[in-house]
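Please read the structure below before turning to the comments.
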Amino acid sequence: MIGDSRSGLPVTRSRAEYVFPTLTAAQVHRVGAHGHVRATASGEVLIEQGQNPFGFFVVVSGELESVRPSAASETLVAVFGPGQFTGEVNTLSGRRALFRTRVTKPGEVIELDRQQMLTFLQTDAEVGEILMRAFILRRAELVAAGVGDVLLIGSTHSAGTLRIKEFLMRNGHPYSYIDLERDPEVQTLLDGFHVAAGEIPVVICRGEFVLRNPTDQQVAECLGFNEAIDQTKVRDLVVVGAGPSGLAAAVYGASEGLDVLVLETSSPGGQAGSSSRIENYLGFPTGISGQELAARAYNQAEKFGAQVIIAKATRLGCDRKPYVVEGENNARIPARTVVIATGAEYRKPSLENLPRFEGAGVYYGATFLEAQLCSGEDVIVVGGGNSAGQAAVFLAQMSARVHLFVRSDGLAQSMSRYLVRRIEETPTIELRPHTEIVGLEGDEHLESVRWQNKETGKTEERNIRHVFVMTGATPNTSWLDDCVALDASGFVKTGADLLPDDLNSARWPLARRPFLLETSLPGVFAVGDVRGGSIKRVASAVGEGSIAVSFVHQVLRE
């Protein structure tokens, strides 16, 4: 990824000027006002792989190169000449450096630390746009090329491999992948790291640390996702959940000067992040994938200084102020205000063998990763909402046939009309009304599915290896520990939905009634799918996240 002939990664000429732009002399001078100029010596390492924190450099004279080090050799990633600058998305987030950056020709550079760089991004609109676009495009090139600081060794038949792929992909982290069944050199690699084939998936961080079948949290720790974050600092706002509503709250809160921390269990985007394409979101006439939308919002939040920690919220400490959001690994994060944006999960059908096949034939999202697994095969999509419709249309492009199961007699009442029309016009999608799955069979991977038409009572079984479940919604509220009032279905009650009995039971201490989106606990808000009565659309979730911030300001003034 480079602007000259020594490139190790290809970048098309049309993109090169955006991926590796050259700042004008006047623009370089403006950057210099926020940092300091320093001389460089040939061979000097300015950034080491895995370093945290690390600086941001603009080349005044001389030359720098970024390389990916390994035990055997180095891979050239980028070369920076006068007027060019280092950095990519980790420069925004404060996570560890992906590569080693050193001086190849002595000269001078302008150095800014991360906070100075963020301040410059927010105050210089012209150059800030150039930097942000370059950071985002560089990360996209790295992800596409599979060049980063992670090697994943796994199998297409392993649920754990798919889980880690999804975790890295949805966090936008570049990685290399080696398939146990397809790569002839894999055994030599396994032997070199003293790993047995039965221990896959295996994650190797920076060529040094070996994780055998790790949890998402262990991968996050190895990559240093959370280490730059002070978890003891009292925050103006803690947002729990990084779906569209949570990310919107983070963007608006941080851009308006609040100290914002976001907790996300594993991957930004929530249910929307697993959507193959969202076509009715305002401003995107050709549609946008849920992952891409989440990535843009995530980068936008970091640009304004919001921090994101990968950790599962386990409890809300609500007996005193500041409130405390407790998380995994004994995290205790104090907060003046809290936005609950933990969303909802698809309701799982009551099937005996379901847990055995989750990630190995049964999936709760339809992204490019899952689509690759079922290319040319029949698949089943269960659900009648927009998410199921988007999945069916997306999978129909690669699958032999998509069987769309709905419990009702059709789609008109539960799905947007444009999706209904598209399904009707796609010959490889077969709608099966009044149909439910009654059995799943297989060994290590799903092999056959049995279903029943509830209207006729007819049962059928076929050798279908992939089922996508997108039905109903179960709110993620178990961690709230009776701190806020819930409705009969377990969703959080807010604003006008809170009855006098709810407030009396919660011992509401204020003379005023709760604000719109405020729960029965003052200063704690609920937005998006986790909130009772919410409209299950991405646009409304984003709107709720932004509206909540206006009330957060009022609470902080109280």
Side-chain angles (χ1 to χ4, degrees), residues 143 146 148-182 186 195-205 209-223 225-226 241-243 263-276 289-291 294-295 308-312 328-329 342-343 345-346 348 353-374 379 387 391 395 440 442-446 465-470 474 476:
V143 170
D149 58 350
V150 180
L151 173 62
L152 171 62
I153 304 173
S155 166
T156 54
H157 305 296
S158 161
T161 299
L162 178 62
R163 172 180 54 81
I164 294 173
K165 277 186 173 183
E166 288 186 331
F167 176 77
L168 293 170
M169 179 192 72
R170 291 184 61 180
N171 276 282
H173 198 92
Y175 67 96
S176 303
Y177 174 65
I178 295 179
D179 193 290
L180 192 66
E181 282 88 19
R182 299 180 182 177
V186 69
V195 174
E199 295 178 301
I200 65 159
V202 173
V203 174
I204 302 172
C205 303
F209 304 99
V210 180
L211 305 178
R212 296 164 171 84
N213 193 20
T215 63
D216 292 348
Q217 190 64 37
Q218 287 171 327
V219 176
E221 289 174 3
C222 189
L223 298 176
F225 279 9
N226 301 335
L263 271 78
E264 169 54 42
T265 300
S266 60
S267 307
Q271 277 192 10
S274 64
S275 176
S276 56
S289 73
Q291 181 190 348
V308 182
I309 183 172
I310 302 299
K312 181 179 181 180
E328 295 172 316
N329 298 328
T342 43
E345 296 178 345
Y346 290 120
K348 298 180 180 182
N353 293 335
L354 182 67
R356 188 203 311 177
F357 299 123
E358 289 180 325
V362 176
Y363 318 101
Y364 300 99
T367 68
F368 180 69
L369 285 179
E370 289 86 6
Q372 286 181 305
L373 299 176
C374 52
V379 303
S387 295
L395 293 168
L440 302 171
D443 189 8
E444 294 182 356
H445 194 282
L446 179 65
R465 303 173 60 250
H466 305 282
V467 174
F468 295 82
V469 179
M470 299 174 179
T474 302
N476 293 315

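Rounding to the nearest 0.5 angstrom, the gap separating the CG atom in Leu168 from the CG atom in Leu152 is 7.0 Å. Atom CG of residue Leu354 and atom NZ of residue Lys348 lie 6.5 Å apart, to the nearest 0.5 angstrom. For the atom pair Asp216 CG and Arg170 CZ, the distance stands at 10.5 Å (nearest 0.5 Å). Rounding to the nearest 0.5 Å places CD1 of Ile204 at 4.5 Å from CG of Leu151. Rounded to the nearest 0.5 angstrom, Lys165 NZ and Thr156 OG1 are separated by 7.5 Å. One finds the OG1 atom of Thr265 at 7.5 Å from the CG atom of Asn476 (value rounded to the nearest 0.5 Å).
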- request: In sequence, state the C-alpha distance, the side-chain angles, and the governing distance for Ile153 and Val195, and then conclude on side-chain contact (heavy atoms from CB on, under 4.5 Å).
  value: CA-CA 10 Å; Ile153 304 173; Val195 174; over 6 Å; no
- request: Give the C-alpha distance, both sets of side-chain angles, the deciding distance and a yes or no for side-chain contact (heavy atoms from CB on, under 4.5 Å) between Arg465 and Cys374.
  value: CA-CA 8 Å; Arg465 303 173 60 250; Cys374 52; over 6 Å; no
- prompt: Is there a side-chain contact (heavy atoms from CB on, under 4.5 Å) between Leu440 and Arg356 once you walk through the steps?
  reply: CA-CA 10 Å; Leu440 302 171; Arg356 188 203 311 177; over 6 Å; no
- prompt: After noting the C-alpha distance and the side-chain angles of Thr367 and Gln291, does the key distance pass the side-chain contact (heavy atoms from CB on, under 4.5 Å) rule?
  reply: CA-CA 9 Å; Thr367 68; Gln291 181 190 348; 5.6 Å; no
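The heavy-atom pair separating Gly442 from Phe357 by the smallest distance is N-CZ, 3.5 Å. Contact record, Thr161 with Pro201: OG1-CB, 3.6 Å, taken as the closest heavy-atom pair. Shortest non-hydrogen contact noted between Tyr177 and Ser155 is OH-N, 3.4 Å. Residue Gly359 comes nearest to Leu162 through the heavy atom pair O-CD2, 3.7 Å, listed as atom of the first residue, atom of the second, then distance. When every heavy atom of Ile200 is checked against every heavy atom of Gly154, the shortest pair comes out as CD1-C, 4.0 Å. Heavy atoms only, all atoms of each residue included: Cys205 and Leu211 are closest at SG-CD1, 4.4 Å.
Side chains of Asn171 and Leu223 form no contact here, defined as non-hydrogen atoms less than 4.5 Å apart. The shortest side-chain heavy-atom distance between Tyr346 and Ser387 falls under the 4.5 Å cut-off. A 4.5 Å side-chain heavy-atom check between His157 and Leu180 finds every atom pair outside the cut-off. Inter-residue side-chain proximity for Ile164 and Tyr175 is flagged as unmet; no heavy-atom pair is nearer than 4.5 Å. Side-chain contact between Arg163 and Asn213: present, with at least one pair of heavy atoms (C-beta onward) separated by less than 4.5 Å.
Proximity of a side-chain donor or acceptor of Glu328 to a complementary backbone N or O of Lys312 within less than 3.5 Å is detected. Asn226 places no side-chain N or O within 3.5 Å of a backbone atom of Ile309 that could act as its donor or acceptor partner. Looking at Thr342, its side chain never comes within 3.5 Å of a backbone N or O of Gly241 through a donor-acceptor pair.
Using cut-offs of 30° and 60° for the angle between ring planes, the Phe225 and Phe167 rings count as parallel.
At most 12 heavy atoms of other shown residues, nucleotides or ligands fall within 6.0 angstrom of atom CD in Glu444.
Judged by distance alone, the side chains of Gln271 and Tyr364 never bring a donor and an acceptor atom under 3.5 Å apart.
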